[in-house]
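Quick notes on the structure that follows.
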Amino acid sequence: MNDIADTRHFRGTGQEETAQERWARFKPIATGEDYLNSLRGRKITCYLFGEKVQDPVDHPIIRPSMNALKATYDLTIADPDLASAHSPLINARVNRFLHIVESPQDLVMKNRMQRRMGQITGTCFQRCAGLDTISVLHSITYDIDAKHGTPYHQRYLDWLKLAQANNIIVGAGMTDPKGDRSKRPHEQADPDLFMHVTRRTEQGLYVRGAKAHMTGGLNSHWICVMPTMNLGEKDKDWAVVGMVPADAPGLTYIYGRQSCDTRALEQGSIDQGNAQFGGQETLVVFDDVFIPWEHVLMDGEYEFAQEMVTRFTAYHRASYVCKTGLGDVMVGAAAAVAEYNGADGASHVKDKLVEMTHLNETIYSSSIASSHEARQLPSGIFMNDAMLANVCKHNVTRFPYEIARLAQDLAGGLMVTLPSQSDFEHEIAGPLLEKYFKGRAEVPVEYRVRMLRLIENMTLGRNAVGYLTESMHGAGSPQAQRIQILRGMDVERKKDYARKLAAIPVKVVS
Ligand code: SF4
Ligand code: FE
């Protein structure tokens with residue numbers, strides 16, 4: 001254990017919590033209500049709109065994102081076969097978001113659960129990146145130990161048993177801010193632009209840096225910090241994986257705003273479109289945050305960073321099947337609004353719904369095929385097919401935009417010219433709006449307004465983050481998938497197939 005000369009202000013106290021103390025404050029979570037209560041009273045520093053948030057749980061902008069995670073607990077009660085599984089680690093049923101992948105069927109069930117969660121919430125429910133982190137750590141810690149004789153895999157299993165027993169949420173702290181993209185981590189003018197180890201002691205190590213775009217960061221109980229890209233020997237201090245409680249000293253959350261988020265501060269909930277559920281992205285800053293050795297799962301094994309990222313993206317890019325659940329909501333909303341408008345009998349309306357469904361099911365087919373084609377890794381865990389996962393995510397960077405375009409087409413311009421809920425409730429303006437915004441006679445105007453606001457929410461408003469922009473950039477932007485597809489497409493072998501049929505000597509395969 002070497003101390004690193006840290007020339008700048010160091011904030012560790014030297015009297016840090018032990019691994020046991022860190023777990024001692026958790027109680028097993030059974031229900032969605034338990035989950036919300038588990039987030040109350042934590043000592044967390046979070047900024048939103050230039051102010052410290054006193055109570056995130058009851059903050060009107062933050063709460064919908066917590067409700068989406070709450071639904072992952074509620075689903076295990078409503079549909080235990082779908083949302084829970086037997087864990088041999090603790091010999092008990094656990095939430096599927098904490099279950100290790102024992103078979104291709106586990107991955108298929110994960111995808112089905114993700115689609116269902118998308119249908120229920122209409123947004124990003126924030127728990128999959130943590131599940132995919134757990135999955136990749138099983139095999140990576142095993143592989144590092146096999147090469148270096150390190151104790152990471154057992155540490156991982158010990159941590160996971162407690163995570164399963166307490167039914168916690170783990171957030172994936174992967175994306176570093178990255179600074180100058182032309183420079184490696186150790187070459188950056190500011191070393192903190194990639195998370196790195198600042199000091200090692202007998203008890204553990206300290207990390208400094210930040211994780212950006214952290215999905216559900218503030219709603220998590222634990223955060224796993226891990227490298228964001230391939231690393232070289234000089235980047236050894238940046239090759240760190242560790243588990244950190246979300247309320248550990250030294251953490252600061254800065255809440256990312258989303259379009260139309262302040263509608264949650266207005267009177268009434270109709271204009272929000274989906275007042276109940278939302279996503280969450282935060283910048284999480286780590287200022288010399290302590291990690292006891294029991295929770296350190298990589299420290300310096302830089303050569304595994306690339307493989308870790310590759311396996312993580314294979315899992316996570318197939319997780320983007322979540323967007324098919326949102327796509328189901330989009331198809332339903334477009335069909336409903338066409339019905340309210342009296343246009344549902346038109347053949348072009350049906351054709352547009354068919355096109356939306358075709359695109360949505362194309363995403364689903366690539367994800368579910370990726371899971372069926374899973375293979376076993378040396379640690380015993382299964383990993384879905386990387387090529388099909390990249391194809392799935394690449395489809396997701398495109399098709400939701402077309403599905404959203406068709407939903408807007410069917411919604412009509414009223415979606416973006418509708419007056420506010422307050423106007424509908426006004427004594428003079430209200431009756432005028434009721435009269436002139438009537439569609440089908442038997443359909444209340446309010447239904448029409450609500451459905452249009454839902455489409456607005458998912459294609460322009462708060463949950464357009466979850467349905468569109470996250471589809472573009474989450475789990476890697478489109479070019480990242482194209483690089484992986486290029487690596488995996490084995491074009492030389494395919495040239496041979498052609499050469500053979502054209503009676504030209506083959507080069508790679510016979
Ligand atoms: Fe899960 Fe989808 Fe959100 Fe990622 S974008 S955390 S896969 S719901
Ligand atoms: Fe994501």
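Just follow the structure's listing: the first ligand is 1, and inside any ligand the first atom is 1. One-based numbering along the sequence shown.
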(request) Taking only heavy atoms of H316 into account, list the atoms of ligand 1 that are under 4.0 Å away from them. (result) 4 (Fe), 7 (S)
(request) Would you please say whether a donor-acceptor pair under 3.5 Å links the side chains of R155 and T141? (result) no
(message) Measuring from non-hydrogen atoms of Q114 to any atom of ligand 1, is the shortest distance under 4.0 Å?
(response) no
(request) Tell me, please, if C322 has any N/O/S atom, main chain or side chain, under 2.8 Å from atom 1 (Fe) of ligand 1? (result) no
(request) Using a strict cut-off of 4.0 Å, indicate which atoms of ligand 1 neighbour a heavy atom of Q126. (result) 3 (Fe), 6 (S)
(message) Using a 4.0 Å cutoff against the non-hydrogen atoms of S319, which atoms of ligand 1 qualify?
(response) 7 (S)
(request) May I ask you to check whether H295 and R22 show a side-chain donor-acceptor distance below 3.5 Å? (result) no
(request) State whether R25 and D247 are salt-bridged, where the test is any N-O pair (Lys NZ or Arg NE/NH1/NH2 against Asp/Glu carboxylate O) under 4.0 Å. (result) yes
(request) Show the numbers, then the answer: is there a side-chain contact (heavy atoms from CB on, under 4.5 Å) between M66 and L39? (result) CA-CA 9 Å; M66 293 178 172; L39 301 180; 3.7 Å; yes
(message) As an exercise, identify every atom of ligand 1 less than 4.0 angstrom from a heavy atom of C124.
(response) 3 (Fe), 5 (S), 6 (S), 8 (S)
(message) Tell me if a side-chain donor or acceptor on R116 pairs with a main-chain N or O of L75 at a distance below 3.5 Å.
(response) no
